[in-house]
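Proteins get letters first, then strands, A, B, ... in listed order; numbering begins at 1 in each.
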2 protein chains.
Amino acid sequence: MQKPSIMPGFMELKPSEQLEFNRIVDVIRTTYEDFGFQPIDTPIIEKTEVLLAKENGETSKQVYKIEDKGGVMRFDLTVPLARYVAMNVNELTFPFKRYQIGKVYRAERNQAGRFREFYQADIDIIGDGSLGIVNDAEIPAIIYSLFTKLGIGAFVIRINNRKILRGFFDSIGVEDSAEVLRTLDKFDKIGLEAVKEELRQTLNDATIEKILAFINIKGTKAEIIAQLGKLEENELLKQGIEEISLVSKYLGLFNIPEAAVEIDLKIARGLDYYTGTVYETFLLDYENLGSICSGGRYEDLASLYCKKNLPGVGISIGVTRLFYLLREAGILNFGRSCLTEVLIVPMDTQLLDASLALAGTLRSAGIRVEVYSEECKFKKKLDYGNKLGIPYAVIVGEDEVATGIYPLKNMTTGEQEKLSVSDMTNRLIIA
Amino acid sequence: MQKPSIMPGFMELKPSEQLEFNRIVDVIRTTYEDFGFQPIDTPIIEKTEVLLAKENGETSKQVYKIEDKGGVMRFDLTVPLARYVAMNVNELTFPFKRYQIGKVYRAERNQAGRFREFYQADIDIIGDGSLGIVNDAEIPAIIYSLFTKLGIGAFVIRINNRKILRGFFDSIGVEDSAEVLRTLDKFDKIGLEAVKEELRQTLNDATIEKILAFINIKGTKAEIIAQLGKLEENELLKQGIEEISLVSKYLGLFNIPEAAVEIDLKIARGLDYYTGTVYETFLLDYENLGSICSGGRYEDLASLYCKKNLPGVGISIGVTRLFYLLREAGILNFGRSCLTEVLIVPMDTQLLDASLALAGTLRSAGIRVEVYSEECKFKKKLDYGNKLGIPYAVIVGEDEVATGIYPLKNMTTGEQEKLSVSDMTNRLIIA
């Protein structure tokens, strides 16, 4: 007999975990919808020439290719978005606010917390030719709403602006600012000393001191913006400061508490892709988990396929990794495997008909109810409810059917209440 | 410049279509959950030896294989379920009621209405060693609830029992009943004459007449069951009649209207897999679309991997195909592309701050609101709301901000109401 198994690096959950995973996805989705984002769902397999158009060797190695039939499994939701927008550019309404939640595939090295199949939950706002800076403030407003509703603990959104970084580096004479950005991006992982060491490869000590003083500028958003204003003049830096000031102002109009969004000048987001505002999000009690929601502003979404200039701003949540981290940290609650509120338990098979009739009455009042209909020992019937985390049970015996009064058992406390069907209905609707 | 495209045979929707597709999936999912089904989400790529264990050459040709890295993309949700149950058999609670909604892959011949990537939405109830016949009645109760909520028109669920078919065929001396079942299964597609023609290949005219008289037994469930009782005695047939009688009785206890479920003795479901009750579902105004939800009872889910006997009953909805058929038939409504209820339109850029403040107030009352924040002509701003199907717009001008009285425009009728913010909030909460 074969012993079945799944591919290594793929996550598969127990039903109780899956229910909680789905709750998280639902909160993400409804929040995206509440802010007016339109749903799209692109194929998991895309043409090779589309997915690997910007191919750099690195991506290609990690990609799942389809044998014989052609095509490649998507490794993110951004390249498919670019393709989608370019294909439908004349039918879409701009600014195009879209969300997509779906699985993506990367054959990464097999290690704890890294998955080869994982969900991403993305939003992007795409402008036609231009896109107002107010959108850069709407993104953290959405993140704030989302993580507040998720209820997984205190969090902070950290923002920065790539124009500030590039402007500042230009002003102090750093030539390869991309290289420096990549180093700074690792600050949280490798620490101050290692960052210094890496910077020393290309920069002199005086420049390094300036950079360290710069990323050390701390305070409220207003204080940091004031400090930045004192730096040596530079056109790009000036633009960046103007943008982050506006974002800061609009955040207030979105009713985001002052402390929920911080400016952190260390945040660079490695990718060259981003050109303005960038975002990261951290759980305050679990900063070591790293950013759980990141993104930024970019110049042009689909230059490869489309003559229109399509600037945008967006974020992505790696839901599978987030779930894994939250589960490992013990933050999640896996109390139940289904949404059933009441398990109806017939004492024996003759009482199945009466149990089904009772279930019908409760169900038509909108209560989620199951009947345990298999023949077995009474204890095993109640065990079914306990194992699945069903909060209530109703035992149906001959006396109950005769009198119309049923015991409603609270499966957590063990308490029983004797109730008529209509009282039970009211009791459960309130519970 | 590349002209982007997607793989042939893959469905991709416009946002307005996607929103309706998602609504259908949500109705399916919440109905499954209301009946106590537990969610699972298996990987899209499974090990080759798992997916192709029962491989018959036919399946293998249609399957998407992963190059180099190994594995195969799932072609249904049943084989993954068998693998999942076998892997977790000691942790699951039986009867195990699971639902799964996800994409599956089949490289079918490219033709209208057939997709190579499509969603299936499955439920199965799996027993440990045995599974009561009442479960065979719960399945149509769920289908009934689901299609009633979907609101896509009148429908009927047709049931039969493979034991009745096999018992009857045995009793009239048909040797290869599997072959006859496959022929009967095509009745709706090829018609009476073609069925006769096919049956003549192996059967004599007298036998064919008996078969045709048998599948012509019509009437209410009780009438058909009574007719079946008059047929020549046969153990299997007797069992089948007993089962379908019980299912018929339990359907009443599930409060399913008598006319919603018919017995149709022609229904065979081609697969050898099914051994008892079988189901098909038809839209009464569009019978030509074929069955939109089918399934049945089987002996043993995971005999390949697991010593336990795991009988089950389940159904599957091919959601992508269903959506395609409903769209082609003009049954669906694509009125909007997002769920936004109110678009706030600042007359000019100076009024953006006041617009964001108003949006914040409405949003905190639970109203889905967007601010049109781009600089452009006023008409283009309202066009955005019209194109996306947003039902209301609020125009924010200087006078409005000064007086606190805003015009709420119904985008369908064009009517405007002048309202204070609190009146507007109440008005929108009711709408």
Enquirer: Take B/Leu352 and A/Tyr250 through the test side-chain contact (heavy atoms from CB on, under 4.5 Å) and record every step on the way to the result.
Expert: CA-CA 10 Å; B/Leu352 181 55; A/Tyr250 289 131; 3.6 Å; yes

Enquirer: For B/Phe96, which atoms come within 4.5 Å of any heavy atom of chain A: side chain, backbone, both, or neither?
Expert: side chain

Enquirer: Please look at A/Lys14 and chain B and tell me whether the side chain, the backbone, both or neither of the residue comes under 4.5 angstrom of a heavy atom of that chain.
Expert: both

Enquirer: Taking every non-hydrogen pair under 4.5 Å, which of B/Leu343, B/Asp26, B/Asn88 racks up the most with chain A?
Expert: B/Asp26

Enquirer: Is it true that A/Lys249 and B/Asp353 make a salt bridge, defined as a side-chain N closer than 4.0 Å to a carboxylate O?
Expert: yes

Enquirer: Looking at every heavy atom in both B/Lys69 and A/Met7, which two are closest together, and how far apart are they?
Expert: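 Looks like O-CE, 4.1 Å.
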
Enquirer: Roughly how far apart are A/Tyr64 OH and B/Ile45 CD1, rounded to 0.5 Å?
Expert: 5.0 Å

Enquirer: Any donor-acceptor pair under 3.5 Å linking the side chain of B/Glu46 with the backbone of A/Ile6?
Expert: no

Enquirer: Can you tell which part of A/Tyr305 gets under 4.5 Å to a heavy atom of chain B, answering side chain, backbone, both or neither?
Expert: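 Both parts, backbone and side chain.
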
Enquirer: Counting heavy-atom pairs closer than 4.5 Å to chain A, which one of B/Val63, B/Thr349, B/Leu92 comes out on top?
Expert: B/Val63

Enquirer: Tell me, side chain or backbone of A/Phe118 under 4.5 Å from chain B's heavy atoms, or both, or neither?
Expert: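 No part of A/Phe118 comes within 4.5 Å of chain B.
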
Enquirer: How long is the straight-line distance from CD1 of B/Ile367 back to CG of A/Asp34, given to the nearest 0.5 Å?
Expert: 11.5 Å

Enquirer: Which bit of B/Tyr32 is near chain A, if near means a heavy-atom gap under 4.5 Å: side chain, backbone, both or neither?
Expert: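 It is neither, since no heavy atom gets under 4.5 Å.
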
Enquirer: Chain A heavy atoms under 4.5 Å from B/Leu253: which part of the residue, side chain, backbone, both or neither?
Expert: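 Backbone plus side chain of B/Leu253, per the 4.5 Å heavy-atom cut-off to chain A.
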
Enquirer: Can you say whether A/Asn135 sits under 4.5 Å from chain B via the side chain, the backbone, both, or neither, judging by heavy atoms?
Expert: side chain

Enquirer: Considering only heavy atoms, which portion of A/Val371 lies under 4.5 Å from any heavy atom of chain B: side chain, backbone, both, or neither?
Expert: neither

Enquirer: What part of A/Phe37 is in contact with chain B, defined as an atom under 4.5 angstrom from a non-hydrogen atom: side chain, backbone, both or neither?
Expert: backbone

Enquirer: Does any heavy atom of chain B fall under 4.5 Å from the side chain of A/Glu374, the backbone, both, or neither of them?
Expert: side chain

Enquirer: Would you call B/Lys61 and A/Asp68 a salt bridge, taking side-chain N to carboxylate O under 4.0 Å as the test?
Expert: no

Enquirer: Measure distances from A/Ser5 to the heavy atoms of chain B and classify the residue's part below 4.5 Å as side chain, backbone, both or neither.
Expert: both

Enquirer: Taking 4.0 angstrom as the limit, do A/Arg83 and B/Glu12 come out as a salt bridge?
Expert: yes

Enquirer: For A/Glu49, is it the side chain, the backbone, both, or neither that has a heavy atom closer than 4.5 Å to a heavy atom of chain B?
Expert: both

Enquirer: Which region of A/Tyr119, side chain (C-beta onward) or backbone (N, CA, C, O), has a non-hydrogen atom less than 4.5 Å from a non-hydrogen atom of chain B, or is it both or neither?
Expert: side chain

Enquirer: Chain A heavy atoms under 4.5 Å from B/Lys97: which part of the residue, side chain, backbone, both or neither?
Expert: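 Just its side chain gets close to chain A.
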
Enquirer: Between A/Asp128 and B/Lys380, is the closest basic N to carboxylate O distance under 4.0 Å?
Expert: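 So B/Lys380 does not pair with A/Asp128 through a salt bridge.
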
Enquirer: Please walk me through it: do A/Phe35 and B/Glu370 pass side-chain contact (heavy atoms from CB on, under 4.5 Å)?
Expert: CA-CA 6 Å; A/Phe35 279 85; B/Glu370 270 185 86; over 6 Å; no

Enquirer: Tell me, side chain or backbone of B/Tyr384 under 4.5 Å from chain A's heavy atoms, or both, or neither?
Expert: both

Enquirer: Do you know which of A/Glu17, A/Met73, A/Met11, A/Arg116 has the most heavy-atom pairs under 4.5 Å to chain B?
Expert: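 Highest number of heavy-atom pairs under 4.5 Å: A/Met73.
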
Enquirer: Determine the option with the most heavy-atom pairs under 4.5 angstrom with chain A, choosing from B/Lys387, B/Lys3, B/Glu375, B/Glu117.
Expert: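 Of the candidates given, the most pairs with chain A belong to B/Glu117.
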
Enquirer: Output the option from A/Ser337, A/Ser373, A/Gly70 having the highest count of non-hydrogen pairs under 4.5 Å with chain B.
Expert: A/Ser337

Enquirer: Determine, step by step, whether B/Tyr105 and A/Ile44 satisfy the side-chain contact (heavy atoms from CB on, under 4.5 Å) criterion, reporting the C-alpha distance in whole Å, the side-chain angles of both residues, the deciding distance to 0.1 Å, and the verdict.
Expert: CA-CA 10 Å; B/Tyr105 296 81; A/Ile44 282 180; 3.3 Å; yes

Enquirer: Select, from B/Val369, B/Leu356, B/Ile40, the one with the greatest count of heavy-atom pairs under 4.5 Å involving chain A.
Expert: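 Most heavy-atom pairs under 4.5 Å with chain A: B/Leu356.
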
Enquirer: Taking every non-hydrogen pair under 4.5 Å, which of B/Arg98, B/Arg336, B/Arg368, B/Lys103 racks up the most with chain A?
Expert: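 Among the listed options, the one with the most contacts to chain A is B/Arg368.
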
Enquirer: Pick from A/Thr42, A/Thr93, A/Leu339: which one has the most heavy-atom pairs with chain B under 4.5 Å?
Expert: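 Most heavy-atom pairs under 4.5 Å with chain B: A/Thr93.
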
Enquirer: Please check: side-chain N/O of A/Gln38 versus main-chain N/O of B/Ser16, any donor-acceptor pairing under 3.5 Å?
Expert: no

Enquirer: If you tally heavy-atom pairs under 4.5 Å against chain A, which of B/Asp41, B/Leu304, B/Asn22, B/Val134 wins?
Expert: B/Asp41

Enquirer: Shorter than 4.5 Å, heavy atoms on both sides: which option in A/Gly360, A/Gly132, A/Pro43, A/Cys306 has the most such pairs with chain B?
Expert: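 Maximum pair count with chain B is reached by A/Pro43.
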
Enquirer: Please look at A/Tyr372 and chain B and tell me whether the side chain, the backbone, both or neither of the residue comes under 4.5 angstrom of a heavy atom of that chain.
Expert: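 Side chain only.
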
Enquirer: Count the heavy-atom pairs under 4.5 Å between each of A/Pro15, A/Cys338, A/Ala359 and chain B, then report the option with the highest count.
Expert: A/Pro15

Enquirer: Between B/Ile66 and A/Lys65, does the side-chain contact (heavy atoms from CB on, under 4.5 Å) criterion hold? Intermediate values first, please.
Expert: CA-CA 6 Å; B/Ile66 307 300; A/Lys65 293 180 184 150; over 6 Å; no

Enquirer: Given the options A/Gly36, A/Ser145, A/Ser303, which has more heavy-atom pairs under 4.5 Å with chain B than any of the others?
Expert: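 Heavy-atom pair counts peak at A/Gly36.
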
